[in-house]
Amino acid sequence: VPDSAEELADRIKQIIKETKCKKVNVIAHSKGGLDVKYMIENFDEICDDYCRQIEKCCGLTQNFVIHLNGNKDEQPSKFGLLRLKKILKVCDKCDINLCVENLCVENEIPYIFRHLKHKRLKICFDTGHQNFLTPKLPMLKKYIKYIEVLHMHDNHGLKDEHLICGRGTIDWGEIAKGFKKLPQIVL
């Protein structure tokens, strides 16, 4: 895990050079995530950290994936929306989509997309998280048009096992039906 935005950009440039890709997707983590208590105390620090990472990735990536709330006990809030708005301004400037990954809290994705309308706000759909953290959230029915990045792996519905697809309990037939509605996804 890179220690700084500069190190992140350097690693991405190295990957692009070695693989001869034009761009890569970036998955970024910041200490504290959207944990409300941490975020209130460190709002500017966290926002600035993500913003610096995105600015350093200008021209290197089309999608910047972030993990938001990693704690089932925390709920989305106005503070989180303010933070996302600030980050989205930088995404606009850099022509990068901000993809929020589905995590622990079932009302997080609905809350964000109900309160924020922005062309750069997208979703990284994590099949494993859906199966064991938020199985009741209708990601492929209600939020399909926002899915820009896929994180596909399997589990048995109890923890984040990152198994090869088909080795757990995810219904891949249902997942495939949902993906057929995504023109940018090739199955």
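A quick note: this is a predicted structure, and the numbers were derived from the prediction, not measured.
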Should Lys122 and Val149 be marked as a side chain to side chain contact (heavy atoms under 4.5 Å, CB included) after you check the CA-CA gap, both sets of side-chain angles, and the distance that decides it? CA-CA 8 Å; Lys122 306 290 182 183; Val149 176; over 6 Å; no
Is any side-chain heavy atom of [X] less than 4.5 Å from a side-chain heavy atom of [Y]?
X	Y	answer
Phe64	Tyr50	yes
His153	Asp126	yes
Lys86	Asp48	yes

Do Leu137 and Leu150 share a hydrophobic cluster, counting only Ile, Leu, Val, Met, Phe, Trp and Tyr and linking them when any side-chain heavy atoms are less than 4.5 Å apart? yes
Check the angle between the aromatic planes of Phe113 and Tyr146 and answer parallel, tilted or perpendicular using the 30° and 60° thresholds. tilted
Measure the acute angle between the ring planes of Phe132 and His129, then classify it against the limits of 30° and 60° as parallel, tilted or perpendicular. perpendicular
If you measure from the Lys or Arg side-chain nitrogens to the Asp or Glu carboxylate oxygens, is any gap between Asp10 and Lys56 under 4.0 Å? no
Would you mind checking if Arg52 and Glu55 are paired as a salt bridge, meaning a charged N to carboxylate O distance below 4.0 Å? no
Between [X] and [Y], is there a donor-acceptor pair closer than 3.5 Å when you use the side chain of the first and the backbone of the second?
X	Y	result
His156	Leu158	no
Asn155	Gly128	yes
Asp154	Ile170	yes

Is it true that the SG atoms of Cys58 and Cys94 are less than 2.5 Å apart? yes
From the list Asn63, Ile96, Asp95, Ile87, side chain to side chain contact (heavy atoms under 4.5 Å, CB included) partner of Arg120 resolves to Asp95
CD on Glu161 to CG on Asn131, rounded to 0.5 Å: 9.0 Å
